[in-house]
Peer 1: 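I'd like to ask you about the structure that follows.
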Number of protein chains: 2
Amino acid sequence: MKKHIPEKTVARLLLYYRYLYFLLQQGTKNISSKSLADMVEIKDSQVRKDLSYFGKLGGQGAGYDVLALRDMIAKVLDIGQITNVCIIGMGGLGSALASYKGFEALGFKVAAVFDNAANKVGHRLRGHTCLDSKELSKVVAEKDLKVAILTVPGEAAQKTSIALEQARVKAILNFTPVKLSLSKNIKIRNIDLAMELKTLSFFVK
Amino acid sequence: MKKHIPEKTVARLLLYYRYLYFLLQQGTKNISSKSLADMVEIKDSQVRKDLSYFGKLGGQGAGYDVLALRDMIAKVLDIGQITNVCIIGMGGLGSALASYKGFEALGFKVAAVFDNAANKVGHRLRGHTCLDSKELSKVVAEKDLKVAILTVPGEAAQKTSIALEQARVKAILNFTPVKLSLSKNIKIRNIDLAMELKTLSFFVK
DNA sequence: CATAGATTGTGAATTATTTCACAATCTTAT
DNA sequence: ATAAGATTGTGAAATAATTCACAATCTATG
Ligand SMILES: NC(=O)c1ccc[n+]([C@@H]2O[C@H](COP(=O)([O-])OP(=O)(O)OC[C@H]3O[C@@H](n4cnc5c(N)ncnc54)[C@H](O)[C@@H]3O)[C@@H](O)[C@H]2O)c1
Ligand SMILES: NC(=O)c1ccc[n+]([C@@H]2O[C@H](COP(=O)([O-])OP(=O)(O)OC[C@H]3O[C@@H](n4cnc5c(N)ncnc54)[C@H](O)[C@@H]3O)[C@@H](O)[C@H]2O)c1
């Protein structure tokens, strides 16, 4: 039950969660590791190994109870408990992310959005009143923001990330192609879409 | 230039490329695997192992020639040779991606954008005239589109992906949270931003 | 309620990736 | 020209992730 859970397992758990959610809506009560694996296009043993981190869940011979399994994953991943996030940089990408329903479905709430441009601050953008990034520290504390989504221009990325660390944000999802240099107290995950596109096309030739 | 190159190596190559590009602008002529590794926060042996897939590059005792190394990576990754891509679904996310400069920097050109909504088709969006997705097959052939970026709503994803396969696109960068079922002839890479956010916050507690 | 068939949970085996460690070889300084 | 120091390239070792394989145990059926 206890040891270290690989990041990849966490990611797959989320995929399982989506399918279980879907199965429940369909009224499906029970599922085998094989069927679940087929939906995600991985091996059934991988599904079982992933789930085994969290104790006994299905009966041997029977499959898994869809509802129970979904609830277990929801619990492990803290879905249902709301995590407040903010977005810094309400340009094209930031605005798109601000209205993405997929975050809510996993328990995230975009509780504040920031920019520093005069034509944005104070205006209503995607259902949020855009705040001045100078207010970061204040708002992070007030709204208990745990995670920041960073979508400022590359040039502003490092500076802004320092402000985020000082504001005591716990983690940053970094969409800029800049390597952020911060202390180990703050967790960073980089999303590099140009790299994804290149990696995809590399293996196409 | 030998055996199978791991996907992770390709991804790191791109990171190296970015730093080498930056170093060149600074006028730096030479770099060691250690310095490059430090910038990317990995081990120097990893850098050397990655580069070793492509033959001898640096001299022992000396480091690597920045220009030569950058050019080698550019060649291996086909940067410089333009790959035409298209975007299907010019909503919030599609529009943001359509004007992302980071793709160009790696040799990608957004050569067409598609939608099926009357208020978008025929209109100018982010520097592109939005085409009707009915014209997919025709335009893919005309403009030699290799890769498609899929940003339609989840409900339309599977249907649209089939149209893409029939249009002979080689690969799809899929931003929808839907598992696309297609033949093995077409390569798919899924970007699941909600999953990224969840994976990040999972390890924060 | 016994038997056949299905499916889990998990060590062991396999495969993939990262890191180590060092001979080979380059640069620089004297 | 030689020695000292730096740094590569790469097998071998170590780690990590995936897959296998099977005993354990459930369900369904007659
Ligand atoms: N557009 C994309 O599809 C895309 C894809 C991948 C990565 N990115 C990266 O995401 C980032 C944003 O991209 P974009 O296309 O939305 O750019 P953008 O220029 O449209 O938006 C950037 C926004 O950040 C704001 N900003 C600038 N400095 C700021 C600061 N110090 N504090 C707060 N806000 C500030 C600007 O006012 C602007 O609204 C860039 O780093 C880009 O490289 C973008
Ligand atoms: N917005 C985000 O930040 C975000 C993040 C991650 C993933 N996604 C996913 O990306 C997709 C797009 O998100 P969005 O927020 O841009 O949605 P959106 O509703 O703003 O845009 C979707 C666009 O697709 C067009 N469309 C619908 N059916 C089509 C069809 N059959 N052919 C061509 N075009 C069609 C619509 O007219 C619309 O312009 C969704 O699947 C969403 O789940 C979005």
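In the text below, chain A, chain B and the rest are named by the order of the sequence lines, each starting its count at 1. Bear in mind the structure is a predicted one, so any value in this text is a computation, not a measurement.
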Peer 1: Expressed in angstrom and rounded to an integer, what is the separation of A:R12 atom CZ from D:dA16 atom C1'?
Peer 2: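 It works out to 12 Å between those atoms.
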Peer 1: Listing request: all side-chain hydrogen bond (donor to acceptor under 3.5 Å, both in side chains) pairs with a residue in residues 105-116 of chain A, at least two apart in sequence or in separate chains.
Peer 2: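 Every pair satisfying side-chain hydrogen bond (donor to acceptor under 3.5 Å, both in side chains) with a residue in residues 105-116 of chain A: there are none.
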Peer 1: With a non-hydrogen cut-off below 4.0 angstrom, is A:T9 in contact with a base, only sugar-phosphate, or nothing?
Peer 2: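 Result for A:T9 = nothing.
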Peer 1: Does the distance from a Lys or Arg side-chain N to an Asp or Glu carboxylate O, for B:D71 and B:K75, drop under 4.0 Å?
Peer 2: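 Here B:D71 does not pair with B:K75 in a salt bridge, since their nearest N and O are not under 4.0 Å apart.
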Peer 1: Look up atom CZ in A:F202 and atom CG in B:L14, then write down how far apart they are to the nearest 0.5 Å.
Peer 2: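 The CZ atom of A:F202 sits 10.5 Å away from the CG atom of B:L14.
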Peer 1: Closest approach to the side chain of A:A62, judged atom by atom: which nucleotide of D:dT27, C:dT27, D:dT8 is it?
Peer 2: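 My answer, after comparing the listed nucleotides, is D:dT27.
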Peer 1: Decide side-chain hydrogen bond (donor to acceptor under 3.5 Å, both in side chains) for A:T199 and B:E7; before the verdict, give the C-alpha distance in whole Å, the side-chain angles of both, and the deciding distance to 0.1 Å.
Peer 2: CA-CA 7 Å; A:T199 307; B:E7 198 167 289; over 6 Å; no
Peer 1: To the nearest Å, how far apart are B:K8 NZ and D:dT15 C1'?
Peer 2: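 Rounding to the nearest Å, NZ of B:K8 and C1' of D:dT15 are 12 Å apart.
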Peer 1: Given atom CG of A:L51 and atom P of C:dT7, what is their separation to the nearest angstrom?
Peer 2: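 Atom CG in A:L51 sits about 15 Å away from atom P in C:dT7.
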Peer 1: Residues in salt bridge (charged side-chain N to carboxylate O under 4.0 Å, His left out) with B:K143, at least two apart?
Peer 2: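 Partners of B:K143 by the salt bridge (charged side-chain N to carboxylate O under 4.0 Å, His left out) criterion come out as none, since no residue qualifies.
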Peer 1: Rounded to whole Å, how long is the line connecting atom CG of A:D65 with atom P of D:dT27?
Peer 2: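 So the two atoms are 12 Å apart, to the nearest Å.
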Peer 1: How long is the line joining CE of A:M72 and C1' of C:dT8, in whole Å?
Peer 2: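 Nearest whole value for this atom pair: 14 Å.
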Peer 1: Taking the six-membered ring for Trp, are A:Y17 and A:Y21 parallel (under 30°), tilted (30 to 60°) or perpendicular (over 60°)?
Peer 2: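 Because their plane-to-plane angle lies in the 30° to 60° range, the rings of A:Y17 and A:Y21 count as tilted.
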Peer 1: How many whole angstroms separate atom NE2 of B:H4 from atom P of C:dT15?
Peer 2: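 To the nearest whole Å, that distance equals 15 Å.
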Peer 1: Search all heavy atoms of B:I186 against all heavy atoms of B:V169 and return the closest pair with its distance.
Peer 2: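 For B:I186 and B:V169, the tightest heavy-atom pair comes out as CD1-O, 3.3 Å.
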Peer 1: For B:L69 and D:dT8, give me the distance from atom CG to atom P, rounded to whole Å.
Peer 2: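 After rounding, the gap between these two atoms is 10 Å.
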Peer 1: Pull out every residue in residues 36-49 of chain B that has a heavy atom closer than 4.0 Å to any atom of DNA chain D, ordered by number, or say none.
Peer 2: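 The answer is B:R48, B:K49.
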Peer 1: Distance check: side-chain N/O of B:Y64 vs OP1/OP2 of D:dG9, anything under 4.0 Å?
Peer 2: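 Yes, such a contact exists.
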Peer 1: Tell me the interatomic distance from A:Y53, atom OH, to C:dG11, atom P, rounded to whole angstroms.
Peer 2: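 Between P of C:dG11 and OH of A:Y53: 12 Å.
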